[in-house]
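These notes are about the structure you will find just below.
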Amino acid sequence: NRPLIDSSGNVYINYREALVSCCCPTYYFFYMTKLDSSGTFQLGRSFDGGGGQYIVGYGGVGLDSSANIYNVFSGIAYPYGSIIIYKTSSAGTALATSYVTRANTQGGSRSGGYFAGGYVFDTTNSVGYVSGSGAGGLIYKHNTSLGHVWAYTYSNTTAFQGIALDSSGNMYVVGYTSGISGTTRIMKVDSSGTVQWARTLSASGGYYVEYQYYPAQISVVGTKFVICVGLTNGSDRIAFTFQAPTDGSGTGTFTNAGQTWTYASFATTATANDTNVSGAGGQGSITATTTSRTPTIATSLWATSTTSF
């Protein structure tokens with residue numbers, strides 16, 4: 001997931017290590033590390049699911065105006081998925097924990113639950129937003145006490161991954177529809193969960209979204225947003241960066257990297273999940289880690305070309 005950089009240039013990342021039995025991971029260990037701008041270790045914490053949950057994926061990290069740290073993960077108490085949120089002080093002291101899952105879906109089945117894809121904290125309005133999945137692309141809003149504010153799922157989407165904010169508190173999410181015809185979904189949503197516009201980005205050549213190994217990310221820079229997505233046609237893979245205006249304009253077709261791309265509107269309906277959300281505090285545990293893992297950085301050659309609106 002995308003690292004967080006604070007106003008002092010410190011970098012916060014969450015990551016995981018897998019305990020492998022034979023050929024497959026049997027348990028994941030999840031961590032948050034804070035580094036200063038020179039890469040020196042400042043703070044480390046490991047996280048456990050607790051409450052019958054085990055952590056299987058990360059959603060992201062955020063900071064509020066008091067420099068409290070919010071770490072978001074996905075957990076499973078089979079077969080139900082949960083969003084797990086941990087709040088610590090700037091020194092890493094545990095302040096609050098909570099998990100959020102579907103109490104009962106529209107169809108009367110809880111199977112599947114919620115899973116986190118991305119996270120952002122709005123310091124101006126003191127609320128956090130989790131992007132993810134749960135009967136469609138999901139956005140979940142919480143307050144600084146980790147209390148529920150609202151939850152919406154959106155039709156014609158499978159899941160959201162990256163999420164970003166503009167200066168007015170609007171959210172931009174990027175996700176996908178699954179399957180071999182899966183396309184990238186991009187949406188702008190206001191702070192009440194209302195859709196401002198919805199766009200799809202698709203490529204010719206049989207390419208579809210490679211969501212598992214190349215999670216989509218999004219950033220807002222002034223009046224433009226930028227996404228990075230992974231696509232595959234089964235034998236070839238593309239890491240593709242796309243930029244367009246934040247007002248939703250610029251739809252049409254263009255050619256890039258030998259493919260024809262279509263950026264167009266799609267219809268979506270927001271469904272409130274407020275009555276289908278259950279949550280509880282006190283889940284899991286937070287443990288200090290005193291050293292930082294040292295990553296191995298590989299250098300690659302990239303062939304790039306650029307088209308933007």
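Worth knowing before you read on, the calculation uses all heavy atoms, side chains too, and leaves out hydrogens, waters and symmetry mates.
Distance CD1/I69 to OG1/T93: 9.5 Å, rounded to 0.5 Å. Here the straight-line distance linking atom CH2 of W197 with atom CD1 of I186 works out to 6.0 Å at 0.5 Å rounding. Remark: M32 CE to N14 CG distance equals 8.0 Å, nearest 0.5 Å. If you take CD1 on I85 and CG on N71, they are separated by 10.5 Å, rounding to the nearest 0.5 Å. Here F30 contributes atom CZ and S46 contributes atom OG; the two are 12.0 Å apart, rounded to the nearest 0.5 Å. In this structure, CD1 in I227 is found 11.0 Å from CD in Q243, a value given to the nearest 0.5 Å.
S66 pairs by the side chain to side chain donor-acceptor pair (under 3.5 Å) definition with nothing, not counting sequence neighbours. Under the side chain to side chain donor-acceptor pair (under 3.5 Å) criterion, S204 pairs with Q259, not counting sequence neighbours. Residues passing the side chain to side chain donor-acceptor pair (under 3.5 Å) test with S38, sequence neighbours excluded: D36, T40. Remark: D247 pairs with P245, S249 by the side chain to side chain contact (heavy atoms under 4.5 Å, CB included) rule, at least two apart or across chains. Remark: S219 engages R2 in a side chain to side chain contact (heavy atoms under 4.5 Å, CB included) (not counting sequence neighbours). L4 meets the side chain to side chain contact (heavy atoms under 4.5 Å, CB included) test with Y12, V61, L63; sequence neighbours excluded. For T262, the side chain to side chain contact (heavy atoms under 4.5 Å, CB included) partners two or more places apart in sequence, or in a different chain, are S202, T253, A264. Checked against side chain to side chain donor-acceptor pair (under 3.5 Å), Y119 has the following partners two or more places apart in sequence or in another chain: H142.
For T144 against F121, the heavy-atom pair with the smallest separation is CG2-CZ, 3.8 Å. Residue G193 comes nearest to A270 through the heavy atom pair O-CB, 4.3 Å, listed as atom of the first residue, atom of the second, then distance. Counting all heavy atoms, side chain and backbone alike, G59 lies closest to A116 at CA-CB, 4.0 Å. Nearest heavy atom pair, residue Y31 against residue F47, reads C-CE1, 4.1 Å. Across R199 and T251, no two heavy atoms sit closer than the pair NE-CG2, 3.5 Å. Considering every non-hydrogen atom in both A198 and T268, the closest pair reads CB-CG2, 3.9 Å.
Y208 places none of its side-chain heavy atoms less than 4.5 Å from the side chain of L231. Proximity of L43 to T88: side-chain heavy atoms (C-beta onward) are nowhere separated by under 4.5 Å. When side chains are defined from C-beta on, T246 counts as touching Y172, because their heavy atoms get closer than 4.5 Å. Residues K87 and D64 form a side-chain contact, since some pair of their non-hydrogen atoms from C-beta on lies under 4.5 Å apart. Side-chain contact between R185 and V209 is absent, with no heavy-atom pair separated by less than 4.5 Å. Between L138 and I83, some side-chain heavy-atom pair lies under the 4.5 Å cut-off.
Without hydrogens or angle criteria, T33 side chain to G44 main chain gives no donor-acceptor distance under 3.5 Å. Although no hydrogens or angles enter the test, the distance criterion places a donor-acceptor pair under 3.5 Å between the side chain of K141 and the main chain of S191. Judged by distance alone, the side chain of T157 and the main-chain N or O of G136 form no donor-acceptor pair under 3.5 Å. In this structure, E210 contributes its side chain and G230 its backbone to no donor-acceptor pair below 3.5 Å. Although no hydrogens or angles enter the test, the distance criterion places no donor-acceptor pair under 3.5 Å between the side chain of T269 and the main chain of S155. Here the side chain of N156 pairs a donor or acceptor atom with the backbone of A267 at under 3.5 angstrom. At least one donor-acceptor pair closer than 3.5 Å links the side chain of T232 to the backbone N or O of D236. Judged purely by atom type and a 3.5 angstrom limit, T200 uses its side chain to pair as donor or acceptor with the backbone of T184. Side-chain atoms of T158 come within 3.5 Å of backbone atoms of S178 as a donor-acceptor pair (strictly under, hydrogens ignored).
Think of M187 as one node in a network of Ile, Leu, Val, Met, Phe, Trp and Tyr side chains linked at under 4.5 Å; its network also takes in V120, V127, Y129, I139, V149, W150, Y152, Y154, F160, I163, L165, M171, V173, V189, V195, F266.
Ring orientation note: the planes of F254 and F242 are close to parallel, at an angle under 30° on the 30°/60° scale. Aromatic ring pairs are classed by plane angle as parallel below 30°, tilted from 30° to 60° and perpendicular above 60°; the pair F225 and Y263 is tilted.
Aromatic ring centres of Y114 and Y140: separated by at least 6.0 Å.
Connection of V221 to I5 is not established within any shared hydrophobic cluster, with ILVMFWY side chains joined at heavy-atom distances below 4.5 Å, either directly or through further cluster members.
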